[in-house]
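These notes are about the structure you will find just below.
Letters go in sequence order (proteins before strands), and every chain restarts at 1.
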2 protein chains.
Amino acid sequence: MSEASGVSEMTVSRVLRGKGDVSEATRLKVQEAAKRLGYVPNKIAGALASSRVNLVAVVIPSLKNMVFPEVLAGVSQTLENSQLQPVVGVTDYLPEKEEKVLFEMLSWRPSGVIVAGLEHSEASRAMLARADCPVVEIMDTDGDPIDACVGISHRRAGRVMAEAILDAGYRRIGFLGTKMPLDHRARKRFEGMTRRLGKAGVEIADQEFYSGGSALAKGREMTEAMLARTPDIDFLYYSNDMIGAGGLLYLLDKGIDIPGRIGLAGFNGVELLDGLPRQLATMDACRREIGERAARIVLARHTGEQAEAEKVELSPTLSLGDTLARR
Amino acid sequence: MSEASGVSEMTVSRVLRGKGDVSEATRLKVQEAAKRLGYVPNKIAGALASSRVNLVAVVIPSLKNMVFPEVLAGVSQTLENSQLQPVVGVTDYLPEKEEKVLFEMLSWRPSGVIVAGLEHSEASRAMLARADCPVVEIMDTDGDPIDACVGISHRRAGRVMAEAILDAGYRRIGFLGTKMPLDHRARKRFEGMTRRLGKAGVEIADQEFYSGGSALAKGREMTEAMLARTPDIDFLYYSNDMIGAGGLLYLLDKGIDIPGRIGLAGFNGVELLDGLPRQLATMDACRREIGERAARIVLARHTGEQAEAEKVELSPTLSLGDTLARR
DNA sequence: CTGAAAGCGCTAACAA
DNA sequence: TTGTTAGCGCTTTCAG
C-alpha cells in the first residue's frame with residue numbers, strides 16, 4: 001500500500017484515518033491506490049499500536065425472545081454515528097458461559113462492556129471490576145452494580161402489578177413462568193408480586209414453570225394445566241408476554257370470560273401483542289431505552305465527557321389492556 | 001505476568017495456550033499467577049503475532065424476526081467446541097450498510113465470513129472475493145456464490161407452494177408480503193409462485209405490501225384491506241409466518257371458514273405457530289441447519305480439512321397444517 | 001523443557 | 001506537509 005501509492009506508510013495511515021494534515025494531492029493518490037488494491041487496513045495492528053479498540057461488548061442471555069434484540073437495537077442506533085461498534089455475546093442464561101464469553105470479549109480489550117443482569121459469578125465480577133473500560137449492567141436495578149447500571153426494578157414491577165390485580169378485586173392468583181434459577185429478573189418480579197400479595201393477606205394460589213419449547217404453545221398448555229388443577233383461579237400472571245399470549249388464546253378458544261371470570265397479565269410489552277384479539281395487560285420493560293442509555297454512558301466515558309449518573313432506574317409503564325379490569 | 005510467575009514470557013504464553021511442553025511445576029506456577037492477577041491475555045497482540053484471528057463474521061440483515069437468530073443459533077452451536085467464535089453484524093437489509101459492516105469485519109481479518117444472501121454491491125463482492133478466508137453465502141441458492149453457499153431455493157419454494165395451492169383447487173390467489181426490493185428472498189418466492197401460477201393460467205388476483213410495525217398487526221390489517229378490495233379472493237399467501245398468523249387470527253375473529261372459504265399459507269415454520277388456534281400451512285426454511293452447515297464449511301476449511309461441497313441446497317418441507325386443503 | 005531474538009502491521013511522537 | 005524511529009504484547013523460530 002505504501003509502495004503502491006508512493007508515499008510513506010505513515011502518510012497512508014494519516015489519509016486512511018483522516019487524521020493529521022495531508023495535502024490534497026497525496027490524499028488522492030493514496031485513496032486511489034487503496035481503492036485499486038481493494039485495501040482493507042488491518043485493525044488488529046492498528047488496535048495494538050494505538051491501544052484503541054472501538055468495540056463495545058454486549059453480553060446478553062439470549063436472542064430467542066425479542067427482548068434482547070430490542071436492547072441491541074437501542075445500543076446499535078446510539079452507537080451508529082460514533083466510532084464505537086457493538087459486538088454481541090450470548091450466554092444462554094448460563095453463568096459459566098457468561099464467564100467464558102466475558103473472558104473472550106475482554107481479551108479483545110473493548111472500549112466498553114454492556115452486560116445483562118447484576119448477578120454474575122465471582123470470577124466474572126472480578127474480571128469486570130478489573131477491566132479498564134466502562135461496564136454497564138443493564139435490565140435490572142435490584143442489586144449492586146460493579147460500575148454503571150441502567151434498568152428497571154423488577155421487584156417493583158412485580159409489586160405494581162400485584163397492586164393493580166388486587167385493586168381490580170382478584171384474589172385467587174396463579175403464576176406461570178420460566179424456571180426460576182435461570183432468570184433472575186423473572187424471579188424478582190415473582191418475589192415482588194408475592195411479597196405485595198402477602199401484605200394484603202393473599203397467597204399465590206398456584207404456580208407452574210416451564211423451560212424450552214414454543215412459548216405460545218407452552219402458555220396454552222400451562223394455562224390448561226393450571227385451570228384443571230385449580231379451577232377457582234381468577235387471575236393468571238405470566239412471566240412474559242409470549243406465554244401470556246398463549247394463555248389468552250387458549251382461554252378465548254374455551255370461551256372463558258376475560259377479564260370477568262379470569263384476568264390476565266404478562267410482562268414486556270412485546271410488539272407481537274398488538275395483533276392479538278385482545279390487548280394483554282402488561283408492563284413495558286423499556287428495552288430499547290435501556291440499550292440507548294447504556295450505550296450513551298459508554299460513549300460519554302469513551303469521549304471523556306462527564307460520566308452520566310451511575311445508576312439509572314427507568315420506570316416501566318403499566319398498561320391494563322383488555323385483560324385486567326375491576327370486576 | 002512474566003515477572004509475577006518468575007518465568008519467561010514465552011513460557012507463560014505456552015502455558016496459557018496449552019501449546020508446547022511445559023513441566024507440571026512451571027505450569028502450576030504460571031496458572032497460579034494468572035489467577036491471582038486476574039490476567040486476561042491480550043488477543044490483539046496474539047492475533048497480530050500469530051496472524052490467527054479465531055473470529056467468524058456472521059453478517060445478517062436483521063435480528064427482528066427470529067429467522068436470523070435461529071441461523072445464528074445453528075452457527076454458534078456448531079462452533080461451540082471449536083476455537084472459532086461467531087461475531088454478528090446487522091445490515092438492516094441495506095446494501096450500503098452491508099458494505100460498511102463487511103469492511104469493518106474484514107478489517108479484523110476473520111477466519112471466515114458467513115453472509116446472508118447472494119445479492120451484494122459491487123464493492124462488497126470485491127471485498128469478499130479478495131478476503132483470504134472462506135466466504136459462505138447463506139439462505140438462498142438462486143444465484144452465483146462468490147465462494148461457498150448454503151441455503152434453499154426460494155423460487156422453488158414459491159413454485160412448490162403454488163402447486164399445493166393449485167392442487168387444492170384455489171384459483172383467486174392474493175399475495176401479502178414485505179416491500180420487495182429490500183428482501184430478495186421474499187421476491188424470489190413471489191416470482192416462483194407467480195411463474196408457476198402463470199403456467200396454469202392463473203394470475204395473482206391481488207397483492208399488498210408492508211414495511212415496519214408489528215408483523216402480527218400488519219397481517220390483520222393487510223388481510224382486512226385485501227378482503228375489502230377483492231372479496232372473491234380464496235387464498236392468501238403471506239411472505240412470512242408472522243403476518244400469516246395475523247391474517248389467520250383476523251379471519252378466525254370474523255368467523256370465516258378456513259380453509260373452505262379461504263386458504264392460507266405462510267413461510268418459515270416459526271416456532272410461534274405451534275401455539276395458534278389453527279396450524280398455518282407453511283414451509284420450513286431450514287434456518288438452523290443452514291447455520292450449522294455454513295459453520296461446518298468454515299470450520300472444515302479452517303482446520304485444513306477437505307472443503308465440503310461448494311453449494312449446498314437444502315430441501316424445505318411443506319406442511320399443509322389446517323389452512324390449506326382440497327376444497 | 002526453557003529462553004532469546006525478531007517481528008506481526010500499524011500508530012505515537014518526534015524530526016525535518 | 002511528510003518521513004523516521006520506536007514500539008504495542010504477543011507468537012514464531014531457533015538455540016540452548
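- Between B/Lys19 atom NZ and C/dT2 atom C1' the separation is 18 Å, expressed in whole Å.
- Take the nearest nucleotide of DNA chain C for B/Ser8 and for A/Gly46: the residue whose nucleotide is more 5' is B/Ser8.
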Starting from the C-alpha separation in whole Å, work towards a yes-or-no answer on side chain to side chain contact (heavy atoms under 4.5 Å, CB included) for B/Asn268 and B/Met66. CA-CA 10 Å; B/Asn268 257 340; B/Met66 212 74 325; over 6 Å; no
Please test B/Gln77 against B/Arg288 for side chain to side chain donor-acceptor pair (under 3.5 Å), starting from the C-alpha separation and ending with a verdict. CA-CA 10 Å; B/Gln77 196 195 11; B/Arg288 198 184 177 92; 2.9 Å; yes
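- Atom CG in A/Leu16 sits roughly 11 Å away from atom C1' in C/dC10 (whole-Å rounding).
- Mapping A/Met10 and B/Gly20 onto DNA chain C by nearest heavy atom places B/Gly20 at the nucleotide closer to the 5' end.
- Among the atoms of the strands shown, base atoms are found under 4.0 Å from some heavy atom of B/Asp21.
- Taking only side-chain atoms of A/Ser13, from C-beta outward, the nucleotide of C/dT2, C/dT11, C/dC8 with the closest atom is C/dT11.
- Of all non-hydrogen atoms in B/Leu118 and B/Cys149, the two that sit nearest each other are CD2-SG, 4.2 Å.
- Applying the 4.0 Å criterion to OP1 and OP2 of C/dT11, one finds that A/Arg52 has every side-chain N and O outside that range.
- Pairs passing the salt bridge (charged side-chain N to carboxylate O under 4.0 Å, His left out) check and including a residue from residues 126-137 of chain B, sequence neighbours excluded, do not occur.
- Here C/dG9 presents its C1' atom at 10 Å from CD1 of A/Ile44, a figure rounded to the nearest Å.
- In this model, the phosphate group of C/dT11 is not approached by any side-chain N or O of A/Ser51 to a distance below 4.0 Å at OP1 or OP2.
- Note on A/Arg17: a side-chain N or O is less than 4.0 Å away from OP1 or OP2 of C/dA12.
- Checking each of A/Ile138, A/Val136, A/Val150 against A/Val312 for a side chain to side chain contact (heavy atoms under 4.5 Å, CB included) leaves exactly one that passes, namely A/Val150.
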Check step by step if side chain to side chain contact (heavy atoms under 4.5 Å, CB included) holds for A/Arg109 and B/Asn42. CA-CA 7 Å; A/Arg109 302 291 187 268; B/Asn42 186 329; 3.8 Å; yes
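- Interface limits on DNA chain D: the 5'-most and 3'-most nucleotides within less than 4.0 Å of chain A heavy atoms are D/dT1 to D/dG9.
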Could you check B/Ser121 against B/Glu99 for side chain to side chain donor-acceptor pair (under 3.5 Å), going step by step and ending with a plain yes or no? CA-CA 7 Å; B/Ser121 72; B/Glu99 213 171 294; 2.7 Å; yes
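- Atom CD of B/Glu3 is separated from atom P of C/dG3 by 13 Å (rounded to the nearest Å).
- Look at CG on A/Leu48: it is 12 Å from P on C/dG9, rounded to the nearest Å.
- Distance, A/Asn42 CG to C/dG7 P: 18 Å, rounded to whole Å.
- You'll find a donor-acceptor pair under 3.5 Å spanning the side chain of B/Arg14 and the base of C/dG3, going by distance alone.
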